[in-house]
Protein chains: 2
Amino acid sequence: MTVSDPKLAPRGRRSRRDAGKTKTARTATIGQNLHLRVPYITRRIRPYDLMDEEGLIRIETTADRILAEIGIEFREDPTTVDLFRQAGGQVSQLSQDAWNIKFEPGMIREILRSAPARFTQHARNPANTVEIGGDAMVFAPSYGSPFVMDLDKGRRYGTIEDFENLIKLAQSSPWLHHSGGTICEPTDIAVNKRHLDMVYAHMRYSDRPFLGSITAPDRAADSIEMCRILFGSDFVDSHCVIMGNFNTTSPLVLDGATTAGIRTYAQAGQGSIHLPFLLGGAVSPLTMAGSIAQCLAESMTSCALAQLVRPGAPTVLAGFLSSMSLRTGSPTFGTPEPALGSLVMGQLARRLEMPLRCAGNFSTSKLPDGQAMQQSMMSMMSAVQGGANFILHSAGFLDGLLSMSYEKLVMDADMCGAMHAYLNGIDVNDDTLGFDALAQNGPGEHLFGTDHTLRHYKTAYWDSGLNDDQPFESWEEQGSVDSAQRANQRWKDTLAAYEAPPMDVATDEALKAFITDKKASMPDAWY
Amino acid sequence: MTVSDPKLAPRGRRSRRDAGKTKTARTATIGQNLHLRVPYITRRIRPYDLMDEEGLIRIETTADRILAEIGIEFREDPTTVDLFRQAGGQVSQLSQDAWNIKFEPGMIREILRSAPARFTQHARNPANTVEIGGDAMVFAPSYGSPFVMDLDKGRRYGTIEDFENLIKLAQSSPWLHHSGGTICEPTDIAVNKRHLDMVYAHMRYSDRPFLGSITAPDRAADSIEMCRILFGSDFVDSHCVIMGNFNTTSPLVLDGATTAGIRTYAQAGQGSIHLPFLLGGAVSPLTMAGSIAQCLAESMTSCALAQLVRPGAPTVLAGFLSSMSLRTGSPTFGTPEPALGSLVMGQLARRLEMPLRCAGNFSTSKLPDGQAMQQSMMSMMSAVQGGANFILHSAGFLDGLLSMSYEKLVMDADMCGAMHAYLNGIDVNDDTLGFDALAQNGPGEHLFGTDHTLRHYKTAYWDSGLNDDQPFESWEEQGSVDSAQRANQRWKDTLAAYEAPPMDVATDEALKAFITDKKASMPDAWY
């Protein structure tokens, strides 16, 4: 893999300057924000450092204590157990295929010293290559929903057609940077084969970076093998071109399929994201300080495995903090406590000097309505202000992650555009301070025609490509539609205008041949 | 007036402890959040200090330069001009009733040294008295819309019936602390008389603090006179019981009705809020740094007038930063640049040691839809994270402030509940770090039954009283309604259950007699 180096910065700037020249369906949603287009965001605002030093240290100390006194349980993967034993972990065998490993305070942090603070994930279109870590920020669509929904057909199980449509919609947005992974589950394809179609769809219908399969080690290996066809084996051996998103089995368990998958990605020098999905009160303490400490302990340990397999492998610390409706026991998303917790995760990741995946456009709503966007914004702001580096679930998330919404994908992506402007911060210089603009006409005179206004009017403000800012009467004349209805029309228009990015025919044939052979080599399995 | 003093703190705490005992319609929307109820919020999180010291100093220096080199234009109020002349302002007469006044750098700041950093606004129910300034935060409903809207009847001009209904809805929410002011324009009552009915509605249908009339000096005086009836003259002479919200006439003008109104409130020792409403590119520079500098210059000057009239008068620095759709020229609300600017206004107010009114639940949407709540949340987060002290427009704002929405008032108020939890921050102590909770059952075991969960389950998470967090199937069985429809039902239920807070009959009669006499003393006027 390629660990970040300063030479990469000009690439981002060059792409930004050229961005307006690309002709795609993207222009349909871009408003007047051409100047904001970038392959990934470089954060220009301070992060919101919510917690004081003392609190952070107590959380870190508690994470260390969890690892030293309670330990992590590993299952069904003796290779991983051996790696940690050799590194100094204190192993106790619990049963034939389960082990508890305790780690002396500081040991996991010591292993993580080899983890890069920032790395590059390459896209097949070099203009879309992203940086992950430091002040770089990458938005990717939602991940992992079994259902899809739209306003016309309601909720139903996702299919490969939905999967491809959603990839196309994400690719068409200028405000997403990464194609994501399981944008929905294509439930019409056998479980042991669907990863092939999913990886192909990302490769064919997007030209951005993407995530590969993690559900079994051989599927992880297939994902990487397809990258060898797309990028060339030599390139894949020395560059990160794919990542896997791995969930811990909270509380404090790493199962064998997960650890074997992590080893597969790390061995190939590819990226891995290490995510505790913590529903407070169910699989972590109900109080946020405790959930954060556990999140840190679990994610650090999972990241450490990748470093033991291949020091320097691209690894991403991660956290998905969630709450619960205490009246019903239902998980809740987009609520205040996890938003605060995500800000703190940002602080902890910076202290570790590791990239972070955290938060996203979370919601429990079943429709792309007011509740959905209120919850999304609260959650997404925590990612943006907390300086998270890889923000999965940036677009489409509804129904507590059970459903991927066509409309909400479009609405969230527009909001991601706003976040580009937000992360640009406020420039303070003689020109932006505008003294001359005020002085030009003086008190009581509007500034429409000042030189300053004419100089800045194209770039001063983010301009939504989806929201309605018209006078009431114009909005009424146009049918009084709400934002969900506008998004419904928008995704249909975008799909109709979509053109796949060009791909070399031989490469496409080779990918298809690989998939055909793989599918023929095994019967369908639905687990 | 009463400037804040430490003895007031126990009042807040006592009210909080007793909050659950009050029986009102509020219980309909409170969810499980009883522990969050307070008469006003005490911020327990750090503010988001977005801008560095150098940027802040440059903005302050530019504000000083605007005041020294361009000056502020005053109209039709020679008394105010004399006050500033005596304080050292350099006055140039522009016409018979217009003067430009320039202020040497630092002069306005020097005058503002007498302004209290924090003060108390008393409510007729002492349990609802609020603090304004410091780490205190007060949410008040939206202000100033000529139209009202609801899902049944759409948009129409507001009436006194709407005004009363909206006061009742706000009063019924446990998450608003202040009754606001012109919650909508009661357009069915003559302009020169409607302030009487408005002030009466606040006094009668709410028992929280409120804002009085500012549209003309005699209406300001009437508002204060009615307070004398309600609170007693002696009390009003020595306590702040009402505030006026005064807009500058940007750029850089203070008109005579405004300055005379400010003098009326200040002379009576009552509070005043000093608001530049800055639509960038129209009445302030298009670039945010310049808008902020102008905002600071205008608001400081307006506040300084109150201090010249009565040193120590309660004054609130304020800012309403807005953007523009550069394709259409329409104002836009809930966008990223003003959200950043509002965070900076928070920093500037803290440097001045003055209370701040800033931001709110802004939106341009014409419906309480996804756009509305996305825009609202972005804007409201800037108030909450920026440490604004008085947050007008916390509930109901739609249609670029042209319309007050019944449904959005209910939705925003629920969101204000979430902000109570957000502002509580994250407690870090041995109990909340939850080590024992994790250790109790160990890896792989859920925490539902741990002692820690049982101890915290009632207070760990904010629990919306309006959002739907149920499983999809339950939501579908209940009619698949969106959040706007839920809010529609909620406001009807709340109005049906509303009971006015008790009021002494003699006081009520005296207020009514005052209004009858005043109305009889002049013909209707519609300006």
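Here is the naming used below: chain letters follow the sequence lines, and residue numbers restart at 1 for every chain. This one's a predicted model, so the numbers in the text were calculated from it and none came from an experiment.
Looking at B/Asp431, the atoms closer than 4.5 Å to chain A (heavy atoms on both sides) all sit in the backbone: N, CA, C or O. Of the two parts of A/Ser403, neither the backbone nor the side chain holds a non-hydrogen atom closer than 4.5 Å to a non-hydrogen atom of chain B. Only the side chain of B/Met381 comes within contact range of chain A, with at least one heavy atom under 4.5 Å from a heavy atom of that chain. For A/Ala372, no part lies under 4.5 angstrom from a heavy atom of chain B. Proximity to chain A is limited to the side chain of B/Arg486, based on heavy atoms less than 4.5 angstrom apart. Both the backbone and the side chain of B/Asp482 come within contact range of chain A, each with at least one heavy atom under 4.5 Å from a heavy atom of that chain. Heavy-atom distances place both the backbone and the side chain of B/Ala421 under 4.5 Å from chain A. Of the atoms belonging to A/Leu343, it is side-chain heavy atoms, and not backbone ones, that fall under 4.5 Å from chain B.
From B/Arg46, atom CZ reaches atom CG of A/Leu50 across 7.5 Å, with rounding to the nearest 0.5 Å. A/Thr332 OG1 to B/Tyr461 OH: the interatomic distance, rounded to the nearest 0.5 Å, is 8.0 Å. Atom CZ of B/Phe435 and atom CZ of A/Arg65 lie 4.0 Å apart (nearest 0.5 Å). Taken from CE in A/Met415 to CE in B/Met377, the straight-line distance is 9.5 Å, to the nearest 0.5 Å. Note that CZ of A/Arg155 and OG of B/Ser480 are 10.5 Å apart. Values are rounded to the nearest 0.5 Å.
A side-chain donor-acceptor contact under 3.5 Å links A/Asp463 and B/Ser325. In this model, a donor atom of one side chain and an acceptor atom of the other lie less than 3.5 Å apart for B/Thr364 and A/Asp469.
Of all the listed residues (A/Met288, A/Met411, A/Met324, A/Glu69), the one sharing the greatest number of non-hydrogen pairs under 4.5 Å with chain B is A/Met324. Among A/Pro331, A/Ala282, A/Ser250, A/Ser330, the residue making the largest number of heavy-atom pairs under 4.5 Å with chain B is A/Ala282. Of the listed residues (B/Leu340, B/Leu252, B/Val428), the one with the most heavy-atom contacts under 4.5 Å to chain A is B/Leu340.
Taking all atoms of both residues into account, the shortest heavy-atom contact from A/Leu447 to B/Pro251 is CD1-CG, 4.1 Å. Contact record, B/Asp427 with A/Ala289: O-CB, 3.5 Å, taken as the closest heavy-atom pair. The nearest pair of heavy atoms linking A/Ala460 to B/Leu286 is CB-CG, 3.5 Å.
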Report the C-alpha distance between A/Gln375 and B/Gln374 in whole Å, list the side-chain angles of each, state the deciding distance to 0.1 Å, and finish with yes or no for side-chain contact (heavy atoms from CB on, under 4.5 Å).
-> CA-CA 8 Å; A/Gln375 293 178 323; B/Gln374 170 204 315; over 6 Å; no
For B/Ile292 and A/Ile426, what are the C-alpha separation, side-chain angles and deciding distance, and is it a side-chain contact (heavy atoms from CB on, under 4.5 Å)?
-> CA-CA 10 Å; B/Ile292 299 168; A/Ile426 296 177; 4.0 Å; yes
B/His452/A/Thr287 under side-chain contact (heavy atoms from CB on, under 4.5 Å): CA gap, chis, key distance, verdict = CA-CA 9 Å; B/His452 185 269; A/Thr287 44; 2.9 Å; yes
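Of the residues A/Thr432, A/Asn429, A/Asp430, the one that meets the side-chain hydrogen bond (donor to acceptor under 3.5 Å, both in side chains) test with B/Arg58 is A/Asp430.
B/Lys366 and A/Glu473 are not joined by a salt bridge, as no carboxylate oxygen comes within less than 4.0 angstrom of a charged side-chain nitrogen.
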